[in-house]
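What follows is a single structure, written as structure tokens, with notes after it.
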Amino acid sequence: MGSESGQDCERPIHRVRVDAFLLAATQVTNAQYAQFLHATSSLPPPFWQAAEFSHPEQPVVAVSWNEAVRYCQWLSSETGKRYRLPTEAEWERAARGTLEQRNFPWGDEPPQSLPDYATRWQTGPEPVARYAPSTFGLYDIADNVHEWCSDWYAANYYAVSPERNPQGPDMGKRKASRGGSWRHFIKVARCSARSSIPPEFQYADYGFRVACDP
């Protein structure tokens, strides 16, 4: 986990072990989130009706960390399974797939080498699963929208992180997130790249995908 060539917060590289977990093949879509809104009589997030963000198969955006957690709690109650946000360690494990210490889910080739890269993500995120999945069968795992993680964020956490099932710091002011964004200059993030914002923020390039305990 981590990278010697990335940001300071990605160091040191360290070996991490995580217990088995399931991760959704796609980011949570507008169609899926609409079921939650209807069932819980919740207010929709910002941009819900904006043309650039309202396709049913686009990832839902501008959901705060708190609302993403509420969605997981609702889904758990509906299904009898334990749905939650992934930890940073789980997300990076999933993004790397079968490739150890590569920059991206597909290897080390730059994002510009991806099919149709120059014409994608012009005004917003794409509908999910339009292009090939990762080696673990995950779509858009490092692009489209940033994805919330369960951890509090600390830039120096890797220096004290436990080897098994790290959960992040006990407290903080910002929640961790992973993955790239449709509105960044480089649209795809490296597997080890870390980001964070306060949990109440609602940004048009933030979404989430759910994890589940097997």
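Below, each value reflects all heavy atoms present in this structure, side chains not excepted, and no hydrogens, waters or symmetry copies.
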Indicate yes or no: does [X] engage [Y] in a salt bridge with an N to O separation below 4.0 Å.
{"X": "E67", "Y": "R70", "answer": "yes"}
{"X": "R96", "Y": "E92", "answer": "yes"}
{"X": "E88", "Y": "R178", "answer": "yes"}
{"X": "E10", "Y": "R190", "answer": "yes"}
{"X": "E147", "Y": "R209", "answer": "yes"}
{"X": "D143", "Y": "K187", "answer": "no"}
{"X": "R164", "Y": "D19", "answer": "yes"}
{"X": "R84", "Y": "D213", "answer": "yes"}

Drop me the distance from [X]'s [atom1] to [Y]'s [atom2], to the nearest 0.5 angstrom.
{"X": "C149", "Y": "W65", "atom1": "SG", "atom2": "CH2", "value": "11.0 Å"}
{"X": "W91", "Y": "C191", "atom1": "CH2", "atom2": "SG", "value": "6.0 Å"}
{"X": "E57", "Y": "E126", "atom1": "CD", "atom2": "CD", "value": "13.0 Å"}
{"X": "S161", "Y": "Q167", "atom1": "OG", "atom2": "CD", "value": "9.5 Å"}
{"X": "Y158", "Y": "I13", "atom1": "OH", "atom2": "CD1", "value": "10.5 Å"}
{"X": "R102", "Y": "D108", "atom1": "CZ", "atom2": "CG", "value": "5.0 Å"}

Heavy atoms only: give me the nearest [X]-[Y] pair and the separation to one decimal.
{"X": "W106", "Y": "L99", "answer": "C-CD1, 3.5 Å"}
{"X": "S42", "Y": "F36", "answer": "OG-CZ, 4.0 Å"}
{"X": "A204", "Y": "R183", "answer": "CB-NH1, 4.5 Å"}

Fit a plane to each ring of Y117 and W121, take the angle between them on a 0 to 90° scale, and name the class: parallel (under 30°), tilted (30 to 60°) or perpendicular (over 60°).
perpendicular
In one Ile/Leu/Val/Met/Phe/Trp/Tyr side-chain cluster, 4.5 Å: V28, F47
no
Connected via hydrophobic side-chain network under 4.5 Å: L114 and I141
no
Looking only at atom types and distance, does a side-chain atom of D140 sit under 3.5 Å from a main-chain N or O of A129, one as donor and one as acceptor?
yes
Are the side chain of W148 and the backbone of V63 linked by a donor-acceptor contact shorter than 3.5 Å?
yes
Centroid separation F53 to W48 less than 6.0 Å
no
Tell me whether the centres of the aromatic rings in Y71 and Y33 are closer together than 6.0 Å.
yes
Between the side chains of S150 and T87, is a donor N or O closer than 3.5 angstrom to an acceptor N or O?
no
